[in-house]
Number of protein chains: 2
Amino acid sequence: MTISTRKERQKEELKGKILQAAKELFMQKGFEDTSIRNIAEKIEYSPTTIYLYFKDKDDIFCELHREGFSLLNQYFRPLAHVSNPYERLKAINKAYISFAMENGELYDLMFIINSPMKSIQKDESDWEEGKRAFSFLVNTVQQCIDAGYFKNMQVEVVAFTVWSMVHGIASLEIRNRCPVVENLNEKDLALKASDMVNEILDRMHKK
Amino acid sequence: MTISTRKERQKEELKGKILQAAKELFMQKGFEDTSIRNIAEKIEYSPTTIYLYFKDKDDIFCELHREGFSLLNQYFRPLAHVSNPYERLKAINKAYISFAMENGELYDLMFIINSPMKSIQKDESDWEEGKRAFSFLVNTVQQCIDAGYFKNMQVEVVAFTVWSMVHGIASLEIRNRCPVVENLNEKDLALKASDMVNEILDRMHKK
DNA sequence: TAACTAACTTAACACCGTTAAGTAACTTAC
DNA sequence: GTAAGTTACTTAACGGTGTTAAGTTAGTTA
């Protein structure tokens, strides 16, 4: 027993090492500019070994994608204890933007990078953590509406708008497509961005 | 004279053919999945010929990037005649989202694709059409504020928020990261999306 | 007609993702 | 305790990529 569990554990360890190396390289150089050979070199194994643990390069991506949503949910977790739903919604925005700014390349992996999305979409089972993050937002918006905020608005419309705003800000910032807000460090930018979004929210519900 | 101008024209024509082929292939298969060889094959020249007209693959990208903003400005141009600035702002949103939905891959090229952004950022001179599109938005927002809309809000904040919203919607849609709004055709989606944004706008300024 | 030049091509380099076949170490069975 | 079998890994290769150096061919100029 102990012998085969050791083997199991060692396999798991190597898989973890591959993921760690891939993550670092993806974040450093981006997905396209990271080769299987680069990852292999980093962990001091031959490139083909990686194919014993992952189907292909996209498979590694999917695993990290899942990890990303798991981390996002960790940003969200403490906010579950904010009892006022509107305050919680604002906190979600702030957390989301902080997550995006602090984990730019991971965010990139989750929401911007194109290539292996095809495979993720087919494999709906892996999307779980993503759905969890999103339903946390939707539920919070629903509770806001129940509490009298966002009068006469559909929950999906509000949720999608909020998400669009924060994603828009985050992705424009990450891609440097944003010629307006400049010369700010990461933390100030996250603050300013979430302040902006939350100001809009205030104006939205005070009809 | 006529002989060298003919040569000049022929060179320009071939350059145009390369751009056209590259554009079609980028839109069809994406930037990364299009090779110089693919482009060369399409125009029935050898791959190396392309390097006589463009420095590298990124250089082709930059040229198309410029074209994209030029096209966006064409979507915007008719709106200059909308005299009411608030109506114009709403029209800008609608036009922007329509542009994104109708030219998904081009939009992708302009705002989402990562790779050669480095070179664009160094070459600030090429960014002109982009700046023009953005200042059309900023000027319109400024005129809205002058006309009493968006009381107590900074022009940059409003402009950036608007842009974030429409970009957020457009890019989530283009990347299929949007589990809420589904089962709609392109046109209905653009309509629904711009309605959403414009409803938010209405709520923003009626403080 | 000879030299020159511009436009294009051939062949190659060093990389890429991926796979088939081979090897070496360890585990199991007799 | 040795033979057979399995597991974990590597070597070598295929067909692709972006890019460049060197070569060719046709048209222009002197």
Side-chain angles (χ1 to χ4, degrees), chain A residues 1-19 21-23 25-26 28-64 109 113-120, chain B residues 1-19 21-23 25-26 28-64 109 113-120:
Chain A
M1 262 301 175
T2 53
I3 182 156
S4 70
T5 56
R6 190 212 67 205
K7 284 201 157 190
E8 197 81 15
R9 194 183 65 237
Q10 281 183 337
K11 273 197 97 166
E12 215 55 45
E13 270 172 22
L14 185 46
K15 187 167 185 172
K17 270 179 105 171
I18 294 171
L19 281 173
K23 189 172 164 183
L25 288 172
F26 287 166
Q28 217 175 89
K29 323 202 294 170
F31 178 76
E32 297 290 347
D33 289 340
T34 300
S35 69
I36 297 285
R37 284 166 174 86
N38 294 154
I39 301 170
E41 197 179 10
K42 185 149 192 164
I43 59 170
E44 296 172 300
Y45 279 80
S46 91
T48 44
T49 298
I50 290 171
Y51 288 91
L52 301 172
Y53 293 84
F54 297 93
K55 194 179 136 288
D56 51 25
K57 200 183 170 188
D58 288 356
D59 195 22
I60 303 176
F61 176 92
C62 288
E63 189 83 33
L64 290 175
L109 222 69
I113 284 178
N114 208 1
S115 36
M117 207 55 202
K118 313 134 195 171
S119 43
I120 284 183
Chain B
M1 261 302 177
T2 53
I3 181 157
S4 70
T5 56
R6 189 213 66 206
K7 285 201 156 189
E8 198 82 14
R9 196 183 63 236
Q10 281 183 336
K11 274 199 95 166
E12 215 55 46
E13 271 172 20
L14 185 45
K15 186 166 185 172
K17 270 178 104 172
I18 295 171
L19 281 173
K23 188 171 163 183
L25 289 171
F26 287 166
Q28 216 175 88
K29 322 201 293 170
F31 178 76
E32 296 291 346
D33 290 340
T34 300
S35 70
I36 297 284
R37 284 167 175 84
N38 294 154
I39 301 170
E41 197 179 10
K42 184 149 192 164
I43 59 170
E44 296 172 300
Y45 280 80
S46 91
T48 44
T49 298
I50 290 172
Y51 288 90
L52 300 172
Y53 292 84
F54 297 93
K55 194 179 136 287
D56 51 26
K57 201 182 170 188
D58 289 356
D59 195 21
I60 303 176
F61 176 92
C62 288
E63 189 82 34
L64 290 175
L109 222 69
I113 284 177
N114 208 2
S115 36
M117 206 55 201
K118 312 134 195 169
S119 42
I120 284 183

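Residue numbers begin at 1 in each chain, while the letters A, B, ... track the order of the sequences.
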Q: Rounded to the nearest angstrom, tell me the gap between atom CZ in A/Phe31 and atom C1' in C/dC16.
A: 12 Å
Q. Just how far, in rounded Å, is P of C/dT18 from CD1 of A/Ile36?
A. 6 Å
Q. What nucleotide among D/dT10, D/dG18, C/dC8 has an atom nearest to a side-chain atom of B/Leu14?
A. C/dC8
Q | Phosphate OP1/OP2 of D/dT17: any B/Ser35 side-chain N/O under 4.0 Å | A | yes
Q) Given atom NZ of B/Lys29 and atom C1' of D/dT17, what is their separation to the nearest angstrom? A) 12 Å
Q. Of the nucleotides C/dT10, C/dT18, D/dT10, which one has an atom closest to the side chain of B/Ser46?
A. C/dT10
Q: Calculate the interatomic distance between A/Glu13 atom CD and D/dA8 atom P; express it in whole Å.
A: 14 Å
Q | For atom CD1 of A/Ile43 and atom C1' of D/dT10, their distance in whole Å | A | 13 Å
**Q.** B/Asp56 CG to B/Tyr51 OH distance, which is reported to the nearest 0.5 Å
**A.** 7.0 Å
Q) So do the side chains of A/Tyr45 and A/Ile18 get within less than 4.5 Å of each other, counting heavy atoms only? A) no
Q.
Can you tell me how far apart CD1 (A/Ile36) and CD1 (A/Ile60) are? Round to the nearest 0.5 Å.
A. 4.5 Å
Q | Options D/dT20, C/dT19, C/dC8, nucleotide nearest the side-chain atoms of B/Tyr51 | A | D/dT20
Q.
Please confirm whether the shortest side-chain N or O distance from B/Tyr53 to OP1 or OP2 of C/dC8 is below 4.0 Å.
A. yes
Q.
In whole Å, I'd like the distance from the NZ atom of A/Lys55 to the P atom of C/dT18.
A. 8 Å
Q) Within the structure, does a side-chain N or O atom of A/Asn38 lie under 4.0 Å from either OP1 or OP2 of C/dC16? A) yes
Q.
Nearest whole Å is fine: how far is D/dA8 C1' from A/Lys15 NZ?
A. 16 Å
Q: Report yes or no: is the cationic atom of A/Lys17 (NZ for Lys, CZ for Arg) closer than 6.0 Å to the six-membered ring centre of A/Tyr53, at no more than 45° off its axis?
A: no
Q) What's the closest nucleotide to the A/Lys11 side chain, out of C/dT9, D/dA8, C/dG17? A) D/dA8
Q.
Taking 4.0 Å as the cut-off, does a side-chain nitrogen or oxygen of B/Lys57 come that near to OP1 or OP2 on D/dT19?
A. no
Q) Considering only heavy atoms and no angle criterion, is a donor-acceptor pair shorter than 3.5 Å present between the side chain of B/Arg37 and the base of D/dG18? A) yes
Q. Under 4.0 Å between a side-chain N or O of B/Thr49 and OP1 or OP2 of C/dA7?
A. no
Q. What is the distance from atom CD1 of A/Ile43 to atom CD1 of A/Ile50, rounded to the nearest 0.5 Å?
A. 5.0 Å
Q: Would you mind reading off the distance between B/Leu52 atom CG and C/dT5 atom C1', rounded to a whole angstrom?
A: 14 Å
